[in-house]
Number of protein chains: 2
Amino acid sequence: MKQLPSINNFIPHLAYDSVIFGFNGKQLKILILEYHNTGFFALPGGFVKRNEHVDDAVKRGLKERTGLDNIYLEHFNTFGSSSRSSPEVMRTIMEANGYEVDENHWMLDRFISIAYYSLINFKDVAPKPDELSDSINWYAVDALPKLMMDHQEIAETALKTLRDNLDKKLVSMNLLPEKFTMKDLQKVYEAVLGKKLRRTSFQRKMLSRDILMRHEKLFTGGAHKAPYLYSFKSYDMAEEVFSPMAN
Amino acid sequence: MKQLPSINNFIPHLAYDSVIFGFNGKQLKILILEYHNTGFFALPGGFVKRNEHVDDAVKRGLKERTGLDNIYLEHFNTFGSSSRSSPEVMRTIMEANGYEVDENHWMLDRFISIAYYSLINFKDVAPKPDELSDSINWYAVDALPKLMMDHQEIAETALKTLRDNLDKKLVSMNLLPEKFTMKDLQKVYEAVLGKKLRRTSFQRKMLSRDILMRHEKLFTGGAHKAPYLYSFKSYDMAEEVFSPMAN
DNA sequence: ATTTATTGTCTCAATTTGTTACAATAATAC
DNA sequence: GTATTATTGTAACAAATTGAGACAATAAAT
C-alpha cells in the first residue's frame, strides 16, 4: 500500500491553490489538472509544511506537481468557508489512486485555502502531471471544464484580480520575452482584459507612461514596415503609505 | 490559575488580524489595542474554530474583544512568512496576564494570519478592551504607536488596499450615515486618500456616476444655502467574469 | 518601380477634468 | 422687510486626455 503524506509534516487544515495563467500570443488560458479515474478537474494545490513560508510552499508544490519552476506568484485571496471542503471528493481521489484512507484521515478535514495566481508564457514550459493526476492541461478561460469543489470560484476571483491589477503591476512582464513589439504587448492586454483595444490609443498611452525602452527594429521577413522592439524599464516598488497629508 | 483556550477548539497555526478603520469626519484612524503590563501594541486578532468560516471567526472575535458588532469586513491578504511569529512576544503577553505557559503551548507556534479590514464610523461605537488588554484606542494612520511583530506591515497593506479600492467598492458606505451631504462624502474620500480634492470636480464626478440618490435638503441652522442630502443607490455586485470577448 | 501589409505618428473631434465665476439660497443683523 | 454672510449647486471656459481616422514610412515580394 502506498503512503500518503503524514500529518506530522504539514500544517493541518491549511492548503493552497494556484491559478496559473498562460498566454500563447492570442488566448489566455488556465492550467488545470485531472485526477486519475475520477473525472475531477482541479487547480494545482497542496499543503504547507510546518516551518515553511506559505509562498515557498506554493513554489515547491507547483514545481513538484507540474514541473514549473521559478515563476512569479502572487497571493490574491483566502478561501475560508467551512463548507468549501468536500471529504467525499478527497476520499474518491485518494482511493482512485490506490491509497487506503482512514475514516479520520487529516486530508479529509476541513481546509482553508490560500490562493495564488501567476502569469507565464506557456511556450516556455511543459507542465507534467504528478502521480495523482492523469493530465495537466491548458484551458481557455472561457472554456474551462467543470471544476471540483469551489475551484471555479477561485479561478474567477483570480481572473478578476488579474484584470484589476494588470495596469498597475505590469505582471504581464512574465508573459512576454525580454524584448517585444507594441503589438505583442497589446495582445497581452487584450487577452487578459477580454476585449479589443484601439491600436493608436493603446500605443500612445503606453509610450506616454515612460515605462518602456525602445530598442532596435524587428525584421520578421514580412512585406511591411518593421516594428520597434521594446522592453520594460525596471522600476522599484518603494511607496510611502503612511506619509503625511500630501500638500 | 486561569485557563487559556484549548487547542482542541481551534485550528492550529491559523490566526486572523483585523485592521479597523474609523473616520471621525476629519481623520482616518485605526483601532489598536495594548496588552496588559507589556507595552505591546497590536491589531485585534484571534483564532479560528475547528468548524467555523474564517469570516465568522473574525466577526465573532471582534465582537468578543472590542464590543464591535455587525460590521462589514473584507479579507485583503494573508501573511504567511514562517518568521512572522514571535513566541517570546506571545509568552510575555500571556505571562503578564497571569497565565502559566507550557514550553510547547500551541499559542507559541508559528502562525499564518488571515488579514481583514473594515471601515466604520467611530462615532457609533465604543470599543471595550478584552481581558488581556489594557486599552483599545483609535490612532491616526500617520501617528500609530510601534506595533508588535509584523502588525505595522499588515496595517500599511490594509491602507494601501483601502485606497486602491475606495472608488470601486464604495466601502465608504460604512463611514457615513444613511443620508449625507456632498461635503461629508468628500471628507471621507480626502481622509482615506490622504489628500485634498477639488470641490467642484468631486461633485460633478460623483453625480455623473449615477450612484447617488438626491433627497431633501439639510437645514443645519447655518447662515448659508442648505446642501442636499444623498444616499447610495443600492447596486448588486453581479459581474460576469468568464464571459466571451466583449464585441 | 509597383504593390502589399503593417507601423509610427499626426490631426481633429469628442470626452473628461481643472479652474473660475456666479447665482441661489438660509440664517442673522439691522 | 433689506442687507450681509457663508456655503452650495452649477454654468462656462480652458486644459488635458481619449477616440477615430488619415497618412506617410517602411520591408519584402512581384
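Chain naming here is simple, since letters A, B, ... match the order of the sequence lines and numbering starts at 1 in each.
In terms of modelled atom types and a separation under 3.5 Å, the side chain of A:H151 and the main chain of A:L43 share a donor-acceptor contact. Remark: side-chain polar atoms of B:H215 are not paired, donor with acceptor, to backbone N or O of B:K179 under 3.5 angstrom. Judged by distance alone, with hydrogens and angles left aside, the side-chain atoms of A:T220 form a donor-acceptor pair with the main-chain N or O of A:G222 at under 3.5 Å. Looking at B:R84, its side chain does come within 3.5 Å of a backbone N or O of B:F111 through a donor-acceptor pair.
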Worksheet item: Can B:Y116 and B:V54 be said to form a side chain to side chain contact (heavy atoms under 4.5 Å, CB included), step by step?
Response: CA-CA 10 Å; B:Y116 283 69; B:V54 180; 3.5 Å; yes

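Distance, B:L218 CG to D:dT8 P: 10 Å, rounded to whole Å. The CG-P distance, from B:L185 to D:dG9, rounds to 12 Å in whole Å. Atom-to-atom, CG of B:D184 to C1' of D:dT8 comes out at 13 Å; the value is rounded to the nearest Å. Computed from coordinates, the B:R209 CZ to C:dT15 P distance equals 19 Å when rounded to whole Å. In this entry the distance linking CZ of A:R204 with P of C:dT11 reads 12 Å, nearest Å. Residue A:H224 contributes atom NE2, which lies 11 Å from atom P of C:dG8 at whole-angstrom precision. In this structure, NZ of A:K187 is placed 9 Å from P of C:dT7, rounded to the nearest angstrom. As rounded to whole Å, 16 Å separates atom C1' of D:dG9 from atom CE of B:M206.
Residue side chain B:R199 reaches the base of D:dG9 through a donor-acceptor N/O pair under 3.5 Å, judged by distance alone. Under 3.5 Å, the side chain of B:K225 and the base of D:dT7 form no donor-acceptor pair of N or O atoms.
Between A:K183 and A:A223, it is A:A223 whose nearest contact on DNA chain C lies nearer the 5' terminus. Each of A:G222 and A:F202 was assigned the nucleotide of DNA chain D with the nearest heavy atom; the assignment lying further toward the 5' end belongs to A:F202. The residue among B:Q203 and A:A226 whose nearest nucleotide of DNA chain D is located toward the 5' end is B:Q203.
For A:K205 and D:dT17, the shortest distance from a side-chain N or O to OP1 or OP2 is not below 4.0 Å. Contact annotation: B:S201 does not reach the phosphate of C:dT17 (side-chain N/O to OP1 or OP2, under 4.0 Å).
Below 30°, between 30° and 60°, or above 60°: for A:F232 and A:F180 the angle between ring planes is between 30° and 60°, a tilted geometry. Relative ring orientation between A:F76 and A:Y117 is described as perpendicular, the plane-to-plane angle rising above 60° on a 0-90° scale split at 30° and 60°.
As judged by a 4.0 angstrom heavy-atom cut-off over every strand, B:L197 is placed among residues making no nucleic acid contact. Residue contacts for A:T200: at a heavy-atom cut-off of 4.0 Å it reaches a base atom on one of the strands shown.
The side chain of A:R198 approaches D:dA20 more closely than any other nucleotide in the set C:dA5, D:dA20, D:dG9.
Around atom NZ of B:K217, more than 12 heavy atoms belonging to other residues, nucleotides or ligands sit under 6.0 Å away.
If one axis is set at each end of the helix from C:dA1-D:dT30 to C:dC30-D:dG1 from five pairs, those axes are 20° apart, to 10°.
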